[in-house]
Amino acid sequence: MRVLLTGGAGYIGSHVAVTLLEAGHEVVVLDNFSNSHPAVIERIAQITGKQVSLIEANLADKAEAEQALQNVDFEAAIHFAGLKAVGESVEQPTRYYRENLSATLNLLDILKAKDVRKLIFSSSATVYGEPEDASVGLDENHQVGVGITNPYGWSKAMSEQIITDAQTAWPELQATILRYFNPVGAHASGLIGEDPFGIPNNLMPFVSQVAIGRREKLYVFGDSYPTPDGTGIRDYIHVVDLAAGHMAALEHSTPGVSVYNLGSGTGHSVLEVVAAYAEASGQAVPYVIAEPRAGDLAKLVANPSKANRELRWQTRLTLADACRDSWRWQSQNPDGFGAGSSPEA
Ligand code: WQD
């Protein structure tokens, strides 16, 4: 199958590109490199021995995106393109809504005009807001929206609604919404991985920069949560497992809107991640306890049984695997995709 990956040069998109190419699919990446690096395209080719077609365009600009995709044929689209920094979304809500919703709206119009019927959307467990009962893994029937604390999360929930309404109006559309828990790790080659601009927002990239000595210490956001060690618990999923989940979703795509959690079903605390990373890297990961971060939850873990059952997909890699692969990527590429390409904020 020929698959369009919007935002395909980003962290998750690039790993999905590798998985699809290795399985014999063809990949077209559309990206404007606003939060990614052109060098990733060569790295994908290096890993797979195959070329991706690259279209440099901004999906949020309708005229630009339509023109860029005018003569491009594809049978399915996986929609990753969007802004994703939670804190920034609180400071720049109109920018987040404009960019993320425009991208989704424009893609839907383009798919309809081209009669491309398969769409997979990169959503987030953040759409569940405040869990009704955090002691169990959240399943896809959990309410959406209540307790979302930031525009980034709302833009994902709104995009899900937009896709659902578009499918009602166009019943042939086969839409799959994938709600990711916490993607971590890197490709085992060490050639691609997460390379955030500026100060990392997320735990594992921050820890990896502490391990390599780029940052002095980790700030653990709160140690008084009602969890065994007091630090927040999340469901960390290796990005290569996550990529396999996208391929499974593509291959099982059916008419209608299907929603799947992509997570492991197992939770780990911040201190467990720190210990696992120190073990995998052989480096010290100094940390201090800091104030809790606004909007953070004590615990968010997936119930992934629907994806296990219907997509015949499950995670295979562990937190230790993710730490090992993240460290290989970080230590082989201390400056990410290129010296000077990751400006310090
Ligand atoms: C994990 C745990 C923090 C950084 C967010 C978004 C979600 C998705 C992924 C992406 C928490 C703690 C973190 C640090 C820390 N979005 N932490 N010190 O908050 O579960 O999810 O990112 O595109 O939608 O909400 O992930 O990695 O930021 O935090 O102690 O420097 O690590 O408090 O318990 P989160 P995270």
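Read the numbers this way: they start at 1 and go in the same order the structure lists the ligands and their atoms. Bear in mind the structure is a predicted one, so any value in this text is a computation, not a measurement.
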Practice task
Share the residues that join Tyr225 in a hydrophobic cluster, the rule being Ile, Leu, Val, Met, Phe, Trp or Tyr side chains under 4.5 Å apart at the heavy-atom level.
Solution key: none
Handout entry: Ile192 backbone acceptor or donor facing His187 side chain under 3.5 Å
Key = no
Handout entry: Expected output: side-chain Asp139 to main-chain Asn303 donor-acceptor under 3.5 Å
Key = no
Problem - Neighbouring residues of ligand 1, heavy-atom cut-off under 4.0 Å - result: Lys84, Val86, Ser124, Thr126, Tyr152, Asn182, Asn201, Asn202, Leu203, Leu218, Tyr219, Val220, Phe221, Gly232, Arg234, Tyr236, Val270, Arg293, Asp296
Practice task
Kindly indicate, with the supporting measurements, whether the criterion ring pair (Phe, Tyr, Trp, His ring centres under 6.0 Å) is fulfilled by Phe33 and His37.
Solution key: CA-CA 6 Å; Phe33 301 115; His37 304 264; 8.7 Å; no
Exercise for the section: Please confirm whether the backbone N or O of Arg2 pairs with a side-chain atom of Glu75, one donor and one acceptor, at under 3.5 Å? Expected result: yes
Practice task
Measure the acute angle between the ring planes of Tyr277 and Trp327, then classify it against the limits of 30° and 60° as parallel, tilted or perpendicular.
Solution key: perpendicular
